[in-house]
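Counting starts at 1 for both ligands and their atoms, in listed order.
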Amino acid sequence: MLKARQIVRKYGNLSVLKGIDLEIHKGELVTIVGASGAGKSTLLHILGTLDRPDAGQVFINDTDVFSLKEKDLAAFRNHTIGFVFQFHHLLPEFTALENVCMPAFIDAKSDETEVKKRASELLEMLGLKDRLGNLPSQLSGGEQQRVAVARALINNPAIIFADEPSGNLDSRNAEDLHQLFFRLRNELGQTFVIVTHNEHLADMADRKLEMIDGGLAHP
Ligand code: ADP
């Protein structure tokens, strides 16, 4: 469902991605590991269409994503891709429920009642039934990250990209979040690509890709 061909990314004369080939299948949970500076975040941003490569192609569900114009790419991204970052990036002045609804409300065709219903169901599924009306500041770190996961799921994305999603959590909350990813993989067939330093998560994954100096050790 995702194919990357010969991805190259340079910053000035620093070659950060040196021709990456990669395939991700539906329902797979893939982790990307490697030393700091190896190019993991750069690759994840390109696979997630947040950044354009200098050369190479990314196909998601057979769409050649970088052939899309910026506006079409933004719409494609909102419909097809979910993101979870190390810092949750929830909007502080909105409740948990409103934060989860946000990516769906960006779509002008969305039905507000339907979206709120789905957001409530997702939050309930993630154990946050009693937190719908709370602001992010009223939630624990683990709860905030689960709200971010619900937000990533709201548009029923083909794939979720996560960049150090448990990097800011204690070990207990990190483990809970990892179990949640596997549950979503098992119950919804959700596809994940996760950059992580967490060895336990990396080893549990269906596939662990290691980046070394701008390349993949085991493509
Ligand atoms: P990782 O996620 O594996 O730690 P990154 O993808 O963040 O690695 O970075 C890879 C390399 O690219 C590093 O040497 C980093 O300094 C460089 N880099 C990342 N982003 C930029 C940028 N916006 N401008 C210049 N250099 C960058």
Side-chain angles (χ1 to χ4, degrees), residues 1-24 28-60 64-66 68-70 73-74 76-78 80-90 141 144-145 148-149 151-152 157-171 173-175 177-178 180-182 185 190-219:
M1 63 139 303
L2 180 147
K3 268 190 200 149
R5 294 233 179 91
Q6 284 299 305
I7 302 295
V8 172
R9 184 73 169 100
K10 295 176 181 157
Y11 290 115
N13 48 20
L14 177 70
S15 211
V16 176
L17 301 178
K18 300 173 179 169
I20 302 251
D21 287 307
L22 175 65
E23 235 179 279
I24 309 284
E28 250 194 325
L29 191 155
V30 175
T31 50
I32 302 177
V33 302
S36 181
K40 304 181 296 296
S41 294
T42 303
L43 176 62
L44 201 78
H45 281 89
I46 288 174
L47 297 179
T49 76
L50 295 169
D51 183 23
R52 285 178 185 262
D54 294 303
Q57 289 170 297
V58 173
F59 296 88
I60 298 179
D64 181 354
V65 297
F66 297 117
L68 299 175
K69 295 204 181 74
E70 208 51 53
L73 181 58
F76 178 87
R77 184 188 303 127
N78 190 47
T80 316
I81 303 176
F83 296 97
V84 180
F85 298 101
Q86 176 170 4
F87 300 101
H88 52 73
H89 298 310
L90 298 174
Q144 290 172 356
Q145 228 19 356
V149 173
R151 180 184 54 183
I159 187 162
I160 291 182
F161 293 98
D163 197 352
E164 295 286 359
S166 51
N168 201 34
L169 299 177
D170 61 42
S171 55
N173 278 300
E175 185 57 30
L177 185 70
H178 302 158
L180 173 61
F181 292 151
F182 284 98
R185 195 271 311 259
Q190 183 64 56
T191 312
F192 288 94
V193 178
I194 306 172
V195 166
T196 187
H197 279 114
N198 187 293
E199 287 178 20
H200 189 218
L201 172 61
D203 289 336
M204 281 194 309
D206 300 320
R207 222 154 24 111
K208 173 165 93 170
L209 303 174
E210 188 181 4
M211 281 202 78
I212 301 175
D213 192 24
L216 283 178
H218 305 290

Starting from [atom], which protein heavy atom do you reach first, and at what distance in Å?
atom	answer
atom 23 (N) of ligand 1	Y11 CE2, 3.6 Å
atom 5 (P) of ligand 1	T42 OG1, 3.7 Å
atom 4 (O) of ligand 1	G37 N, 2.7 Å
atom 7 (O) of ligand 1	S41 CB, 3.7 Å

List the atom of P157, the atom of G82, and the distance in Å for their closest heavy-atom pair.
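Looks like CB-N, 3.6 Å.
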Subject >> Nearest-0.5 Å distance, OG1 of residue T31 to CG of residue D203 >> reply: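 Rounded to the nearest 0.5 Å, the OG1-CG separation comes to 7.5 Å.
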Any N or O on G39 sitting closer than 3.5 Å to an N or O of ligand 1?
->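 Checking ligand 1 against G39, an N or O pair does fall under 3.5 Å apart.
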Polar atom proximity, V16 to ligand 1 (N or O, under 3.5 Å) =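 No: no nitrogen or oxygen of V16 is under 3.5 Å from one in ligand 1.
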| message | Taking 4.0 angstrom as the limit and counting only heavy atoms of A35, give me the atoms of ligand 1 inside it, by number and element. | response |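 Here the atoms of ligand 1 in question are 3 (O).
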Query - Residue from F182, F181, F83 passing ring pair (Phe, Tyr, Trp, His ring centres under 6.0 Å) with F192 - result: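 Testing each of F182, F181, F83 against F192, the sole residue satisfying ring pair (Phe, Tyr, Trp, His ring centres under 6.0 Å) is F181.
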Would atom 15 (C) of ligand 1 count as contacted, meaning some protein heavy atom under 4.0 Å?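 No, no protein heavy atom sits under 4.0 Å from atom 15 (C) of ligand 1.
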*Is atom 18 (N) of ligand 1 close to the protein, meaning a heavy atom under 4.0 Å from it?*
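For atom 18 (N) of ligand 1 the answer is yes, since some protein heavy atom falls inside 4.0 Å.
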Query raised in the report: Would you call R52 and E70 a salt bridge, using N to O less than 4.0 angstrom?
Result: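 Salt bridge present between R52 and E70.
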Problem set entry | Step-by-step side-chain contact (heavy atoms from CB on, under 4.5 Å) determination, Q145 to S166 | CA-CA 8 Å; Q145 228 19 356; S166 51; over 6 Å; no
Notebook entry, point to check: Do other residues, nucleotides or ligands put more than 12 heavy atoms under 6.0 Å from Q6 CD?
Noted result: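 Result for CD/Q6: enclosed.
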For a quick check under 3.5 Å, do R9 and T42 share a side-chain donor-acceptor pair by atom type?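 Checked: R9/T42 side chains show no N/O donor-acceptor pair below 3.5 Å.
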